[in-house]
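Reminder, nothing fancy here: chain letters follow the sequence lines and each chain counts from 1.
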Amino acid sequence: MKETIVDLIAEFFAGTHPAVGLPSRIPMSVPKDTTHGDLSSNICMMTAKAAGLPPRDLASELAAWLNGRLEGKATAEIAGPGFLNFRLAQEQVQGILRRILDAGREFGKSDHGAGKTINLEFVSANPTGPPVVVSARAAAFGSALARLLQCAGYSVTSEYYLNDAGAQVRALGGSLRARVRELAGDPLELPENGYHGLYLVDMARTLVAEAAESITAWDALPEEEALVGYAQWAVQMIQVQIKREMERFRAPFDVWFSEKELHASGKVLAVLELFEAKGLIYEADGARWFRSSDFGDEKDRVVIRSDGRPTYFLADAAYHLDKLERGFTKAINVLGPDHHGHIARMQAIATAIGAPAGWLEILLLQWVTLVENGEAVAMSKRAGEFVTMADLVEDVGVDVARTYFLTRRRDSHLEFDLTLAREQSSKSRVFYAQYATARIAGVTRKAVEAGLSIEFGPDLDLSRLDGPEELALIKFLEQFPAAIISAADAREPNRLFNYLVDTATCFHKFYHECQVVTEDVGLSQARLALTRATAQVLANGLDHLGVEAPERM
RNA sequence: GCGCCCGUAGCUCAGUUGGAUAGAGCAGCGGACUUCUAAUCCGCAGGUCACAGGUUCGAAUCCUGUCGGGCGUGCCA
């Protein structure tokens with residue numbers, strides 16, 4: 001319907017105002033105020049000047065032209081300063097429900113992405129400790145975005161970059177060794193930049209209990225290799241834990257990409273050669289530098305330290321080259337708030353490795369402040385004071401935690417009030433939407449008992465759905481695919497969540513006004529079909545966000 | 001200093017890429033269960049969209065500046 005109106009408008013302008021340049025997409029939106037009709041366009045206000053007419057005059061000309069041509073019994077009218085509002089006839093709205101029922105489980109999917117391939121990297125926290133709360137935000141955001149993009153027709157690879165090489169990992173190895181020796185009775189001597197977290201004590205106990213012979217073997221090695229031994233064992237342990245927690249949080253990954261293997265494969269030095277060949281490397285102060293300032297970064301960056309070791313930055317360049325070579329049409333990186341200084345240099349990398357403009361898209365998440373009993377909870381991984389992702393999930397549950405993150409915009413600094421989440425978890429917005437799915441399941445059980453059919457074939461008479469709550473709900477459901485595309489394209493899963501909550505509102509109102517299972521079999525059957533379509537939208541939508549849609553609460 | 005993000009109701013946050021009277025939840029007040037789940041619904045109250053300019057038919061949204069808060073600015077990752 002929307003498309004045909006847009007086409008008609010284009011036809012009108014081509015015929016009567018050929019000189020007017022139309023925008024690439026003629027705006028057509030669903031007004032938030034339902035008294036403004038079912039669809040609305042501001043095209044006349046945009047083109048009035050070029051057409052040499054006051055907006056309302058142009059609108060009335062267009063409305064008159066359209067009213068003979070719109071399909072069905074749809075109407076166009078002028079409103080306000082020059083809006084054009086369209087109203088659908090009742091049968092057209094009922095036809096929408098028919099299409100939703102026919103689409104069934106597929107409703108919401110589209111080929112909008114046209115098979116484009118996206119690499120979506122998120123979380124990628126260092127495997128030097130258990131995932132913390134910011135990682136939970138990233139996990140919720142990334143996994144939801146991955147699902148949304150898939151639903152919108154993109155082919156998505158979810159990826160976790162494991163920084164299992166480098167100085168922080170060595171510090172982890174040293175910290176673990178210190179804890180092992182502490183268990184043996186030595187005084188605790190954590191290395192500089194070491195990790196103070198008590199999780200390393202537990203890990204040391206496990207190591208002593210299960211692999212004491214490794215300790216003996218490592219300690220016989222030269223210092224550097226000994227640390228590597230400890231570090232790799234620790235990383236391995238933590239990595240397993242990260243995977244387990246991500247899965248429990250419904251954030252699965254397709255690929256776990258190891259920085260260590262990137263070094264081992266020679267790809268890190270290969271990208272250095274590529275940059276050298278392009279004349280982007282020079283020496284200064286004993287180190288080798290990459291000319292990232294040529295690409296808009298504020299300064300050049302070291303890629304090979306004066307001691308000969310490559311930097312994290314160089315490995316990152318190799319990593320992105322690898323992604324490019326794997327053929328993704330786009331790479332999206334979800335980064336934590338402390339990484340905004342990296343954007344310019346990462347874009348410099350993308351350009352230098354020959355990626356097309358816009359290939360690398362960086363999404364920054366903002367901080368999560370944990371609040372408990374009215375006070376901010378201090379968090380520092382190195383100092384060993386933090387609330388882990390596992391603590392959070394244990395505390396409030398996966399659904400509430402994901403909802404907390406997914407109802408907020410990614411760039412809002414959000415406050416996660418643990419006390420509130422605990423005390424009032426039953427008031428979380430997620431329960432509002434879930435309650436709707438549970439209610440529908442309850443109605444369905446009741447309907448089956450009453451002998452109604454849960455098959456909604458083409459002979460079903462939907463014309464009985466003529467009440468305002470019923471029609472409003474149908475119109476709301478229709479927006480589901482558009483809500484997914486909008487959320488996917490804007491990289492804002494929160495839009496879908498908001499849509500689902502609004503859908504639940506619409507449903508609760510309908511539920512309050514309209515008894516589904518009644519003596520009137522025809523009406524009951526039609527209303528049951530409407531609840532089925534609603535359940536489909538809610539369940540599909542919640543599933544994309546990684547939230548459960550329970551049948552009982 | 002320079003750079004990035006944020007500033008919307010008492011609190012936590014939305015606001016469909018510039019639209020019509022700025023919205024929800026919580027907290028407060030008042031209504032609705034003999035009914036398919038009241039974890040719901042209906043109503044009242046609550047605002048200088050940080051501030052000042054600018055762009056235009058039209059700005060919470062875009063541009064500039066100011067003030068606040070957060071973060072970054074390593075041969076750490």
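Here A:G442 lies in heavy-atom contact (under 4.0 Å) with sugar-phosphate atoms only. Residue contacts for A:P337: at a heavy-atom cut-off of 4.0 Å it reaches the sugar-phosphate backbone alone, with no base atom in range. In this structure, A:R409 reaches the sugar-phosphate backbone alone: every heavy-atom distance under 4.0 Å involves primed, P, OP1 or OP2 atoms, never a base. Using a 4.0 Å heavy-atom distance criterion, A:Y432 is classed as a sugar-phosphate-only contact. Contact annotation for A:A287: base contact, defined as any heavy-atom pair under 4.0 Å involving a base atom.
Of the residues in residues 512-519 of chain A, those with a non-hydrogen atom less than 4.0 angstrom from any atom of RNA chain B are A:H512, A:C514, A:Q515, A:V516, A:V517.
Using C1' as the reference atom, B:A45 and B:G30 are 11 Å apart when rounded to the nearest Å. Nucleotides B:C11 and B:U16 place their P atoms 23 Å apart, quoted to the nearest Å.
When the side-chain nitrogen and oxygen atoms of A:K49 are compared with OP1 and OP2 of B:U56, none of them lie within a distance under 4.0 Å. Checking the phosphate oxygens (OP1, OP2) of B:C57, no side-chain nitrogen or oxygen of A:R56 falls inside 4.0 Å. Residue A:Y312 places no side-chain N or O under 4.0 Å from the OP1 or OP2 atom of B:A77. At least one side-chain nitrogen or oxygen of A:N494 sits closer than 4.0 Å to the OP1 or OP2 atom of B:G15. Within the structure, a side-chain polar atom (N or O) of A:R305 is placed less than 4.0 Å from OP1 or OP2 of B:A77.
Across B:A77, B:G15, B:U12, the shortest atom-to-atom separation from the side chain of A:E259 is found for B:A77.
Using bins of under 30°, 30° to 60° and over 60° for the plane-to-plane angle, the ring pair A:Y432/A:H508 lands in the perpendicular bin. Taking the six-membered ring where the residue is Trp, A:Y404 and A:F416 present parallel rings, their angle staying beneath 30° rather than reaching 60°. Ring planes of A:F313 and A:F290: tilted class, angle from 30 to 60°.
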Between the protein and nucleotides 2-5 of chain B, list every N/O to N/O distance that falls short of 3.5 Å.
{"from": "B:G3", "atom 1": "N2", "to": "A:H340", "atom 2": "NE2", "distance (Å)": "2.3"}
{"from": "B:C5", "atom 1": "O2'", "to": "A:Q366", "atom 2": "NE2", "distance (Å)": "3.3"}
{"from": "B:C5", "atom 1": "O2'", "to": "A:D411", "atom 2": "O", "distance (Å)": "3.3"}

Give every pair of a protein N or O atom and an N or O atom of nucleotides 19-21 of chain B that lie under 3.5 Å apart, one pair per line with the distance.
{"from": "B:G19", "atom 1": "N7", "to": "A:N42", "atom 2": "ND2", "distance (Å)": "2.4"}
{"from": "B:A20", "atom 1": "OP2", "to": "A:K32", "atom 2": "NZ", "distance (Å)": "3.2"}
{"from": "B:A20", "atom 1": "N6", "to": "A:S40", "atom 2": "OG", "distance (Å)": "2.6"}
{"from": "B:A20", "atom 1": "N6", "to": "A:N85", "atom 2": "OD1", "distance (Å)": "2.8"}
{"from": "B:A20", "atom 1": "N1", "to": "A:N85", "atom 2": "OD1", "distance (Å)": "3.4"}
{"from": "B:A20", "atom 1": "N1", "to": "A:N85", "atom 2": "ND2", "distance (Å)": "3.2"}

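More than 90° away from 0 lies the glycosidic angle of B:U21, which makes this nucleotide anti.
In this structure A:H342 satisfies the ring pair (Phe, Tyr, Trp, His ring centres under 6.0 Å) test together with A:H339, sequence neighbours excluded.
At a threshold of 4.0 Å, the pair A:E470-A:R464 does not count as salt-bridged, since none of the basic side-chain nitrogens sits closer than that to a carboxylate oxygen.
Remark: RNA chain B forms stems of 3 or more consecutive Watson-Crick or G-U wobble pairs, all pair distances under 3.5 Å, at B:1-7 with B:67-73, B:10-13 with B:23-26, B:28-32 with B:40-44, B:50-54 with B:62-66.
A donor N or O paired with an acceptor N or O is found under 3.5 Å between the base of B:C75 and the side-chain atoms of A:S306. Remark: the A:H508 side chain and the B:A38 base include no donor-acceptor N/O pair separated by less than 3.5 Å.
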What pairs of donor and acceptor atoms, side-chain ones from residues 36-49 of chain A against any protein atom, are under 3.5 angstrom apart with sequence neighbours left out?
{"from": "A:D38", "atom 1": "OD1", "to": "A:K475", "atom 2": "NZ", "distance (Å)": "2.7"}
{"from": "A:D38", "atom 1": "OD2", "to": "A:L88", "atom 2": "N", "distance (Å)": "2.7"}
{"from": "A:S40", "atom 1": "OG", "to": "A:N85", "atom 2": "OD1", "distance (Å)": "2.9"}
{"from": "A:S41", "atom 1": "OG", "to": "A:P27", "atom 2": "O", "distance (Å)": "2.6"}
{"from": "A:S41", "atom 1": "OG", "to": "A:I43", "atom 2": "N", "distance (Å)": "3.2"}
{"from": "A:T47", "atom 1": "OG1", "to": "A:I43", "atom 2": "O", "distance (Å)": "2.8"}

